[in-house]
Student: 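Starting off with a structure, shown below.
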Amino acid sequence: MLYREAGQFKASYEADQQIFPILQDRIGVMLLIGFFALAVPLFADQYWLKAILIPVLIFSLAAIGLNILTGYAGQLSLGSAAFMAVGAFGAYNFMLRIDGMPFLVAILLGGLCAALVGVMFGLPSLRIKGFYLAVATLAAQFFIVWALVKIEWFSNYSSSGVITAQQIEILGFAFEGPQSKYLLTLFVVVMMALAAKNMVRSTTGRSWMAVRDMDVAAEVIGIRLMRTKLTAFAVSSFYCGVAGALYAYTYIGTVEPEGFNLDLSFKILFMIIIGGVGSIMGSFLGAAFIVLLPIALDVFVPMLLGDLVSSSFVSNLQLIVFGGLIVFFLIVEPHGLARLWQIGKEKLRLWPFPH
Amino acid sequence: MAREIGDVILKMEGISLSFGGVKALTNISFDVREHEIRSIIGPNGAGKSSMLNVINGVYHPQEGQVTFRGEVRRDMEPHKAAKQGIARTFQNIALFKGMSVIDNIMTGRNLKMKCNVFHHALHWGKARAEEIEHRKKVEEVIDFLEIQNIRKTPVGRLPYGLQKRVELGRALAAEPSMMLLDEPMAGMNVEEKQDMCRFILDVNDQFGTTIVLIEHDMGVVMDISDRVVVLDYGKKIGDGEPDEVKNNPDVIAAYLGTSH
């Protein structure tokens, strides 16, 4: 009863093509953003901000990046973490080498570096598809991490490529505490998520999906396969790059190339599989799920089983539950949490009536 | 009738196409005149779909030349054919399954859209105006095909006949001057076929679109075509007006078999 669009008549195509066409969705999104921007920084403690909310936001951004490439444009990639690394090291070098480099510009430039590298490693996608492409992007994963360690200039000749993110300062305001870093991250992520939503609902996104669903038909309509795929690689890597820069600057602080390994790439892939392939909101849900699950298991398993089990058992159990859930999702709901939310919404439209 | 058949706009001369050792088309020549409905018929495996693929650049013939509006083609790519105003539908529906009807038809207009990815990311001003302008055109197509009630349905959920209609809509949205229809009525019941025939005739009549049609239903072909090409085993065995083709002994032999 509460969630239904009955009575919301659209009198113009503009109204019909809004980013959130249903009033309840608009209110919901406003409330969510308001809650996370105003209420959370006031009440959440350091641990929540630093260990949960900031990483969830950053991984959401990376997941959006991968979702653009895999979920919307249909190009499988296992190199997301490497593109994050390019963004992190790119932003670091811009901050380091250019005096008075504004922070936001530096992370955008870091993202652009990642986009360039992404386009380079996206070139094989013009020839190969599916799993074979995934293997080609695997090359990006290993090569980039290797290059960042090997070429010491990238890490300013520090040992084993470790970099320490500089102090963030915007217009004279220093972002030191977790609160201000959280708000900065939230701002960047929300802006970029809205931009992603805009892209996928316009010609760019339609071309991506057309190439994903039926590439021959897309070409016959006049969609340039090469340009469309490379745009997807560029935008996707840009998102991953910015996520990587934020990862270094607002989350970890000190990063090394090895931190952006294949494990992280897989983690981001799991986020979009569990959250929902081809859904912006799913990227957030998936990131939250994957970040929160280990923490929740850490808390609840000892609580339930008490002293019966050792901590090493708990950490193994985590992996088992994790793997089990991924298999479960692949079988039961290949469209992930976002699809469950969609089904829930359809039920809500009718509630309390069955039909 | 408003339409008047004009000059030859597409000329196929001596087209031969083979895949490895398999000869799909052998030395085929025919032409298509402006505003006409030109059918290509023939038994299964005769090379009809290959012929359409040659016309819009998916396949490149080893021999022969294609002249479209006075321009001889060399190694045509499909998107260039689209730019020249050639749209097509497919034998097996080739819609974008994950998208709604509106989005599918909107993709048909992508060549007419000028905004780039940065405009789209902001979705403000120019990009928004463009989206609305093209939405109007898409709604005209939706009205024309009488599919208003399913405009927001994901195409994967639609029944077969409607999917075929949406695919026609996607081709129409590009406002093509020539449309290639690959078995638009395959697998339809009588009512659906009648609807589809009416749409094809209306498109031809109202927009003056030249239509190249592949179809197996002889009743339909003989009724709506201006001229018919008959292929068999990659060779042309007949060409002319429906009545002429109907009485061609080679064509009868190909369809009914001959006694030896």
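Reckoned from all heavy atoms, side chains included, excluding hydrogens, waters and symmetry mates.
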Student: Do you know which of B/Ala121, B/Ala87, B/Ala82 has the most heavy-atom pairs under 4.5 Å to chain A?
Tutor: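 Most pairs with chain A among the choices: B/Ala121.
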Student: Side chains of A/Ile221 and B/Arg170, heavy atoms from C-beta outward: is any pair under 4.5 Å?
Tutor: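 With C-beta onward as the side chain, the pair touches.
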Student: Is it the side chain or the backbone of B/Lys152 that comes within 4.5 Å of chain A heavy atoms, both, or neither?
Tutor: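 Only the side chain of B/Lys152 comes within 4.5 Å of chain A.
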Student: Applying the side-chain contact (heavy atoms from CB on, under 4.5 Å) criterion to B/His120, which one of A/Thr203, A/Asn198, A/Val235, A/Val200 satisfies it?
Tutor: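 Of the listed options, the one satisfying the test is A/Thr203.
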Student: Which heavy-atom pair separates A/Ser202 from B/His123 by the least distance, and what is that distance?
Tutor: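 Minimum heavy-atom separation between A/Ser202 and B/His123: CB-CD2, 4.1 Å.
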Student: Would you mind telling me which of B/Ile102, B/Asn116, B/Leu111 has the largest number of heavy-atom pairs within less than 4.5 Å of chain A?
Tutor: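 The answer is B/Leu111.
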Student: Hey, which of A/Lys197, A/Met209, A/Met192 has the most heavy atom pairs under 4.5 Å with chain B?
Tutor: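 Most pairs with chain B among the choices: A/Met209.
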Student: Of the backbone (N, CA, C, O) and the side chain (C-beta and beyond), which part of B/Ile93 lies under 4.5 Å from a heavy atom of chain A, both, or neither?
Tutor: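 Interface part for B/Ile93: backbone (N, CA, C, O).
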Student: Can you name the nearest heavy-atom pair linking A/Ala210 to B/Thr107, along with the distance?
Tutor: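 Minimum heavy-atom contact is CB-CG2, 4.5 Å.
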Student: To the closest 0.5 Å, what do you measure between CE (B/Met99) and CZ (A/Arg206)?
Tutor: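 So the gap between those two atoms works out to 6.5 Å.
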Student: If I compare all heavy atoms of A/Met214 with all of B/Phe96, which pair ends up nearest, and what's the gap?
Tutor: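 Closest approach of A/Met214 to B/Phe96, heavy atoms only: O-CE2, 3.6 Å.
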Student: Just give me the residue among B/Lys136, B/Arg88, B/Glu167 that pairs up with chain A most often, heavy atom to heavy atom, under 4.5 Å.
Tutor: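 The residue among B/Lys136, B/Arg88, B/Glu167 with the greatest pair count is B/Lys136.
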Student: Could you tell me whether A/Asp16 and B/Arg135 make a salt bridge, using a distance below 4.0 angstrom between a side-chain N and a carboxylate O?
Tutor: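 B/Arg135 and A/Asp16: salt-bridged.
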Student: Quick check on B/Phe118: does its CZ atom have over 12 non-hydrogen neighbours (other residues, nucleotides or ligands) under 6.0 Å away?
Tutor: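 Count not over threshold, so no.
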Student: Under 4.5 Å heavy-atom distance to chain B, tell me which part of A/Ala196 shows up: side chain, backbone, both or neither.
Tutor: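 It is neither, since no heavy atom gets under 4.5 Å.
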Student: Might you point out which heavy atoms bring A/Ala217 and B/Ala94 nearest each other, and give the distance in Å?
Tutor: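 Smallest interatomic distance, heavy atoms only, reads CB-O, 3.4 Å.
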Student: Does atom CZ of A/Arg227 have more than 12 heavy-atom neighbours from other groups under 6.0 Å away?
Tutor: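 Atom CZ in A/Arg227 is not crowded, with 12 or fewer foreign heavy atoms closer than 6.0 Å.
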Student: Check whether more than 12 heavy atoms from other residues, nucleotides or ligands sit under 6.0 Å from atom CZ of B/Arg157, and answer yes or no.
Tutor: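 Not more than 12 within 6.0 Å, no.
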Student: What part of B/Asn56 gets closer than 4.5 Å to chain A, counting heavy atoms only: side chain, backbone, both or neither?
Tutor: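 Only the side chain of B/Asn56 comes within 4.5 Å of chain A.
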Student: Atom NZ of residue position B/Lys83 - does it have more than 12 heavy atoms of other residues, nucleotides or ligands inside 6.0 Å?
Tutor: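 Result for NZ/B/Lys83: open.
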Student: Do A/Tyr13 and B/Glu131 touch side chain to side chain, with heavy atoms closer than 4.5 Å?
Tutor: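 Counting from C-beta outward, A/Tyr13 and B/Glu131 never come under 4.5 Å.
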Student: Count the heavy atoms of every other residue, nucleotide or ligand shown that sit under 6.0 Å from NZ of A/Lys10, and state whether that count exceeds 12.
Tutor: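 More than 12 heavy atoms, drawn from other residues, nucleotides or ligands, come within 6.0 Å of this atom.
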Student: Could you tell me if the side chain of A/Ile223 sits less than 4.5 Å from the side chain of B/His79, heavy atoms only?
Tutor: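 Side chain of B/His79 against side chain of A/Ile223, heavy atoms only: no contact under 4.5 Å found.
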Student: When you look at NZ of B/Lys11, are more than 12 heavy atoms from neighbouring residues, nucleotides or ligands closer to it than 6.0 Å?
Tutor: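 Atom NZ in B/Lys11 is not crowded, with 12 or fewer foreign heavy atoms closer than 6.0 Å.
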Student: Check the surroundings of atom NZ in B/Lys112: do more than 12 heavy atoms from other residues, nucleotides or ligands lie under 6.0 Å from it?
Tutor: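 Counting other residues, nucleotides and ligands, NZ of B/Lys112 exceeds 12 neighbours.
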Student: Can you say whether A/Arg201 sits under 4.5 Å from chain B via the side chain, the backbone, both, or neither, judging by heavy atoms?
Tutor: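 The answer is both parts of A/Arg201.
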Student: Taking atom CZ as the centre, does B/Phe19 end up with more than 12 heavy-atom neighbours from other residues, nucleotides or ligands that are less than 6.0 angstrom away?
Tutor: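 Counting other residues, nucleotides and ligands, CZ of B/Phe19 exceeds 12 neighbours.
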Student: I need the minimum non-hydrogen distance between B/Val117 and A/Thr204, along with the two atoms involved.
Tutor: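 Distance-wise, the nearest heavy atoms are CA-OG1, 3.7 Å.
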